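Here the structure is laid out as structure tokens; the discussion comes afterwards.
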Amino acid sequence: MHKARLFCKTGQFAGKEFEIGSETLIGRSQTNTVALSSEAISSHHARIFFDTKTERFVLEDLGSRNGTRLDGMRVRTPEPLDALNVITFADAHDFIFQSQISGIEIAEEKRPATAPQPALEEKTMFDEAPLAPPPVDSSATSDATVIDEGTLSPLPAAPAPPAANAAQTGAADEKTIMDADIVAPPAPPTPPAPPAPVDISTPQDSSPDSSQNALQLSFSLYVTKTGTSFPLAEGEQTLGRTGPCDIIIADSSISRKHARLVVTGGVVTITDLGSKNGVIINGSKTHAPADIKPGDSIRIGEVDVELRQ
């Protein structure tokens, strides 16, 4: 039997706890398995069900107005749940999902048993068999003879060459080990030359390249009427008259959830979310996503704003 629960520790629903079955519906309507009485929650907001194929609980958003997030990420397609997750409904209510089934436990149950491995035999260097001496090449001549004790006998005196041989071939240069040329040791490597001195009177160019500058751009939205500035973080943020929007401008001409701003690298895009008074850019009302930049004339409802960098 698969067991899971959904509970809340903070906010409006602090202390609420629900058991999760094979299929659980979450929403504002009392017909749901988990009913959450909040205006931000849709009538049928999301559902959690157990997938018998993967043996995992799955979270699915049911086209809610304010969305569902799993560990901070917007849920757009069914997402499998782990043993412990944070689920946020309507960007306002955080619940903790806890299940007795985890991917680790499942992996351990399905892993085939393996036979115990025999302990490795411990050996020391004294247990190794001694290495046999290399074979002696009988064809090679040696100037020394081997005796039983393994030492070399003194070298016998070389006989004088016959006179006839000396006359025919000439006397050969005789060299002993002491007469051999001494090989000089290799010269030490030449140390690298010290770096050229830097003229501190000339400012050094420490600016990053243009691609890095693009990634480090920061923007803010300045409200001309109130003199308020809202920093725009990388990613998506919503703008409206009341919460749970990220940017709140308390003006009656602005809808509760008016527009969405998305920052990607060095580009800022604004999208009207079906507001009553719309979004006007450089004198033209727009409903489709539109890129904005510093210097553009931007009006949200009847409020003038500026994109600053």
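These values consider heavy atoms only, across backbone and side chains, with no hydrogens, waters or symmetry-generated copies. Note that the structure is predicted; figures quoted are calculated from it, not measured.
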Should [X] and [Y] count as side-chain neighbours, where that means a heavy-atom distance under 4.5 Å?
| X | Y | value |
| --- | --- | --- |
| Leu307 | Val268 | yes |
| Val58 | Ile48 | no |
| Leu70 | Leu81 | yes |
| Gln98 | Phe7 | yes |
| Leu261 | Leu239 | yes |
| Thr269 | Thr264 | no |
| Ile281 | Ile270 | yes |

I'd like to know if the side chain of [X] reaches the main chain of [Y], judged simply by a donor and an acceptor atom lying under 3.5 Å from each other, with no hydrogens or angles considered.
| X | Y | value |
| --- | --- | --- |
| Thr24 | Thr33 | no |
| Gln237 | Gly235 | yes |
| Gln12 | Ser37 | yes |
| Arg28 | Ile41 | yes |
| His45 | Gly67 | yes |
| Asp304 | Thr224 | no |
| Thr286 | Ala288 | yes |
| His258 | Ile300 | no |
| Asp61 | Ser64 | yes |
| Arg241 | Ile254 | yes |

Original post:
Looking at Phe57 versus Phe49, is the centre-to-centre ring distance below 6.0 Å?
Top reply: no
**OP:** Tell me, yes or no, whether the heavy-atom count around Arg256 atom CZ, taken from other residues, nucleotides or ligands under 6.0 Å, exceeds 12.
**Re:** no
Subject >> Heavy-atom neighbours of Glu60 CD exceed 12 at 6.0 Å >> reply: yes
Atom pair [atom1] ([X]) and [atom2] ([Y]), whose distance is rounded to the nearest 0.5 Å:
| X | Y | atom1 | atom2 | value |
| --- | --- | --- | --- | --- |
| Asn85 | Ile96 | CG | CD1 | 10.5 Å |
| Ile247 | Ser220 | CD1 | OG | 9.5 Å |
| Phe230 | Leu232 | CZ | CG | 10.0 Å |
| Thr238 | Asp246 | OG1 | CG | 4.0 Å |
| Phe89 | Arg69 | CZ | CZ | 13.5 Å |
| Thr77 | Leu59 | OG1 | CG | 10.0 Å |

Whether the [X] and [Y] side chains hold a donor-acceptor pair (N or O, under 3.5 Å, no angle test) is what I'd like checked.
| X | Y | value |
| --- | --- | --- |
| His93 | Ser38 | yes |
| Asp91 | Asn66 | no |
| Ser297 | Asn282 | no |
| Ser253 | Asn277 | no |

[Y]/[X] salt bridge by N-O under 4.0 Å criterion:
| X | Y | result |
| --- | --- | --- |
| Glu19 | Lys3 | no |
| Asp272 | Lys285 | no |
| Asp251 | Lys225 | yes |

Minimum heavy-atom distance [X]-[Y], with the two atoms named:
| X | Y | answer |
| --- | --- | --- |
| Lys257 | Arg65 | NZ-O, 3.9 Å |
| Gly227 | Tyr222 | CA-OH, 3.5 Å |
| Ala40 | Ala90 | O-CB, 3.3 Å |
| His44 | Asn32 | ND1-OD1, 3.2 Å |
| Asp82 | Arg56 | OD1-NH2, 2.8 Å |

Original post:
Using 30° and 60° as the class limits, which term best fits the ring planes of Phe95 and Phe13: parallel, tilted or perpendicular?
Top reply: tilted
Shared hydrophobic cluster for [X] and [Y] (ILVMFWY, side-chain gaps under 4.5 Å):
| X | Y | value |
| --- | --- | --- |
| Leu273 | Ile280 | no |
| Ile292 | Val262 | no |
| Val263 | Leu221 | yes |

**OP:** Please name the residue in the list Glu306, Gln309, Arg308 that meets the side chain to side chain contact (heavy atoms under 4.5 Å, CB included) test with Pro294.
**Re:** Gln309
**OP:** Could you please spell out the steps behind the side chain to side chain contact (heavy atoms under 4.5 Å, CB included) verdict for Leu25 and Val34?
**Re:** CA-CA 6 Å; Leu25 297 177; Val34 176; over 6 Å; no
